[in-house]
Amino acid sequence: MPEVDTRPLETARRLAEDGDLDGAAAILTELAADPEGPDRAQAAVGLAVVLQERGDAAGARSAARAALATGHPEFAGQAACLLARSFEQEDQPDQARAAWQAALGTGNAACVPLAHMGLARLATGPQEAEEALRAALATGEPEISSLAAQRLAEILIEEGEAAEAAGVLVEALSVPDVAEVARLRVLLGIAHLDLACTELTGAVEEGGDAETGALAIELLARTLPLRGRDEDAERVWRYGLDSADEELAEGVRLRREREV
């Protein structure tokens with residue numbers, strides 16, 4: 001297989017890096033216009049980038065569409081991502097969604113995680129957003145998986161699905177070299193706090209012996225403020241202190257006094 005001559009592409013790249021966008025665009029336009037040229041797809045993507053930097057959004061999208069139409073396994077995906085970002089910047093969500101879907105269709109491994117996150121941003125409802133975030137997490141890309149897991153966990157925690165949020169975060173933490181591990185662990189801790197509140201509430205409601213009841217009330221009342229629920233914590237204390245079970249009420253009083 002003959003060696004591909006990449007010198008025009010390299011020249012265009014150097015011109016662009018040196019600030020000569022017009023010179024770079026001229027070379028890339030010629031390469032992208034050659035239907036038989038081996039560098040057509042790459043040149044079209046490069047032209048889209050240069051035109052975007054030059055402020056020619058319409059021209060950039062035209063070049064990106066040309067690159068996408070080549071079906072090149074690498075550069076078609078890049079072109080679809082460029083199109084999607086351009087449409088997002090101009091607040092054209094329908095066109096952006098279509099471009100992100102096109103990026104998925106190319107199968108470009110580098111573009112697929114970005115496309116799922118793009119579709120999550122542009123989702124028209126919570127279920128659509130959750131599906132896109134789960135797909136982004138499943139790609140195993142270290143940064144995208146972390147970001148997707150964080151957003152999905154936050155949604156689930158807000159919806160009261162702490163156990164599911166914890167599962168999502170554990171999955172993200174299992175991704176090799178996943179980004180923002182500390183943030184993921186903090187969210188996992190929050191999910192576990194919510195789970196603890198749920199279990200402790202159940203224990204309080206079920207009653208049982210006075211010692212166990214007083215312990216459950218104390219733990220719940222001391223955990224709720226960690227989730228910003230100070231008023232709920234006070235109600236839990238009051239529930240125990242006002243109990244008709246004198247032994248339970250006394251046990252709660254002694255436990256509460258330990259905080260002062």
Original post:
With a 4.5 Å heavy-atom cut-off, do Ile217 and Leu248 have their side chains touching?
Top reply: yes

Original post:
Is there a side-chain contact (heavy atoms from CB on, under 4.5 Å) between Gln101 and Leu119 once you walk through the steps?
Top reply: CA-CA 8 Å; Gln101 288 288 359; Leu119 291 171; 3.7 Å; yes

Subject >> Nearest atoms (heavy-atom pairs only) where Val168 meets Leu156 >> reply: CG2-CD1, 3.9 Å

Subject >> Spacing of CG belonging to Leu28 relative to CG belonging to Leu9, to within rounding of 0.5 Å >> reply: 6.5 Å

**OP:** Measure across Ala136 and Ser145 and return the closest heavy-atom pair with its distance rounded to 0.1 Å.
**Re:** O-OG, 3.8 Å

Original post:
Does Ser146 reach the main-chain N or O of Pro142 with its side chain, forming a donor-acceptor pair under 3.5 Å?
Top reply: no

Original post:
Just wondering, are more than 12 heavy atoms of other shown residues or ligands nearer than 6.0 Å to CD in Gln92?
Top reply: yes

Original post:
Is Glu231 atom CD crowded by more than 12 heavy atoms from other residues, nucleotides or ligands, each under 6.0 Å away?
Top reply: no

Original post:
Which pair of non-hydrogen atoms, one from Ala214 and one from Gly251, has the smallest distance, and what is that distance?
Top reply: CB-C, 3.9 Å

Original post:
Looking at Arg54 and Asp22, does any basic side-chain N land under 4.0 Å from a carboxylate oxygen?
Top reply: yes

Original post:
Can you tell me if Thr70 uses its side chain to pair, donor with acceptor, with the backbone of Ala41 under 3.5 Å?
Top reply: no

Original post:
So, Glu128 and Thr124: side-chain donor and acceptor under 3.5 Å apart, yes or no?
Top reply: yes

Original post:
Short question: side chain of Glu161, backbone of Glu164 - any donor-acceptor pair under 3.5 Å?
Top reply: no

Original post:
How far does OG of Ser243 sit from CZ of Arg238, to the nearest 0.5 angstrom?
Top reply: 12.0 Å

Original post:
How does the hydrophobic cluster around Val178 look, that is, which other residues are in it when side-chain heavy atoms under 4.5 Å mark a link?
Top reply: Ile157, Leu169, Val170, Leu173, Val175, Val181, Leu184, Val186, Leu187, Leu188, Ile190

Subject >> Heavy-atom closest pair, residues Arg255 and Glu211 >> reply: NH2-O, 4.3 Å

Original post:
Would you call Arg256 and Glu250 a salt bridge, using N to O less than 4.0 angstrom?
Top reply: no

**OP:** Working to the nearest 0.5 Å, report the span between CZ of Arg14 and CD1 of Ile27.
**Re:** 9.0 Å

Original post:
Would Leu193 and Leu219 show up in the same hydrophobic cluster when neighbours are defined by side-chain heavy atoms closer than 4.5 Å?
Top reply: no

Original post:
Counting only heavy atoms not in Arg253, do more than 12 fall under 6.0 Å of its CZ?
Top reply: yes

Original post:
If every non-hydrogen atom of Thr223 is compared with every non-hydrogen atom of Cys197, which pair is closest and at what distance?
Top reply: CG2-SG, 3.6 Å

**OP:** Supply the atom-to-atom distance Leu83 CG to Gln95 CD, rounded to the nearest 0.5 angstrom.
**Re:** 10.5 Å

Subject >> Pairwise ring pair (Phe, Tyr, Trp, His ring centres under 6.0 Å) hits with a residue in residues 69-111, at least two apart >> reply: His72-Phe75

Original post:
Hey, mind stepping through Thr11 and Leu15 against side-chain contact (heavy atoms from CB on, under 4.5 Å) and telling me if it holds?
Top reply: CA-CA 6 Å; Thr11 300; Leu15 289 172; 4.1 Å; yes

Subject >> Closest non-hydrogen atom pair between Ala165 and Ala153, with its separation >> reply: CB-O, 3.8 Å

Subject >> Counterpart residues, salt bridge (Lys or Arg N to Asp or Glu O under 4.0 Å), relative to Glu154 (two or more places apart) >> reply: Arg183

Original post:
Are Val112 and Leu122 linked, directly or through other ILVMFWY residues, by side chains that come within less than 4.5 angstrom of each other?
Top reply: yes

**OP:** Walk me through it: do Glu10 and Arg7 pass the test side-chain contact (heavy atoms from CB on, under 4.5 Å)?
**Re:** CA-CA 5 Å; Glu10 286 300 309; Arg7 285 175 295 179; 5.5 Å; no

Original post:
Got a sec: does the CD of Glu247 have more than 12 other heavy atoms crowding it under 6.0 Å?
Top reply: no

Original post:
How far does CD of Gln52 sit from OG of Ser86, to the nearest 0.5 angstrom?
Top reply: 5.0 Å

Original post:
Taking Thr212 for the side chain and Gly208 for the main chain, is one N or O donor matched with an acceptor at less than 3.5 Å?
Top reply: no

Subject >> Short side-chain to backbone donor-acceptor contact, Arg227 and Asp194, under 3.5 Å >> reply: no

Subject >> Atom pair CZ (Arg134) and OG1 (Thr139), whose distance is rounded to the nearest 0.5 Å >> reply: 14.5 Å

Original post:
Any link between Leu133 and Leu137 through a network of hydrophobic side chains (Ile, Leu, Val, Met, Phe, Trp, Tyr) touching at under 4.5 Å?
Top reply: yes

Original post:
ring pair (Phe, Tyr, Trp, His ring centres under 6.0 Å): which pairs involve residues 113-143, sequence neighbours left out?
Top reply: none

Subject >> Residue pairs passing the ring pair (Phe, Tyr, Trp, His ring centres under 6.0 Å) test where at least one lies in residues 37-69, sequence neighbours excluded >> reply: none

Original post:
Can you tell me if Asp18 uses its side chain to pair, donor with acceptor, with the backbone of Asp20 under 3.5 Å?
Top reply: no

**OP:** Kindly indicate whether the side chain of Glu159, heavy atoms from C-beta on, has any atom under 4.5 Å from the side chain of Glu130.
**Re:** yes

Original post:
What pairs of residues pass the salt bridge (charged side-chain N to carboxylate O under 4.0 Å, His left out) test when at least one of them lies in residues 67-90, not counting sequence neighbours?
Top reply: Arg61-Glu90, Glu88-Arg121

**OP:** Spell out, yes or no, whether Leu215 and Val204 are grouped together once hydrophobic residues are joined by side-chain heavy atoms under 4.5 Å, including indirect joins.
**Re:** yes

Original post:
Hey, does Arg258 have a side-chain heavy atom less than 4.5 Å from the side chain of Glu218?
Top reply: yes

Subject >> Verify same cluster id: Leu104, Leu147 (apolar side-chain graph, 4.5 Å) >> reply: yes

Original post:
Can you tell if the side chain of Val45 reaches within under 4.5 Å of the side chain of Gln42, non-hydrogen atoms only?
Top reply: no

**OP:** Let me see the working for Glu234 and Tyr239 under side-chain contact (heavy atoms from CB on, under 4.5 Å), right down to the final yes or no.
**Re:** CA-CA 9 Å; Glu234 185 57 35; Tyr239 172 84; over 6 Å; no

**OP:** Would you check if Arg229 and Pro225 make a side-chain contact, meaning some heavy-atom pair closer than 4.5 Å?
**Re:** no

Original post:
Within the distance-only criterion (no hydrogens, no angle test), does the side chain of Thr29 pair as donor or acceptor with the backbone N or O of Ala25 below 3.5 angstrom?
Top reply: yes

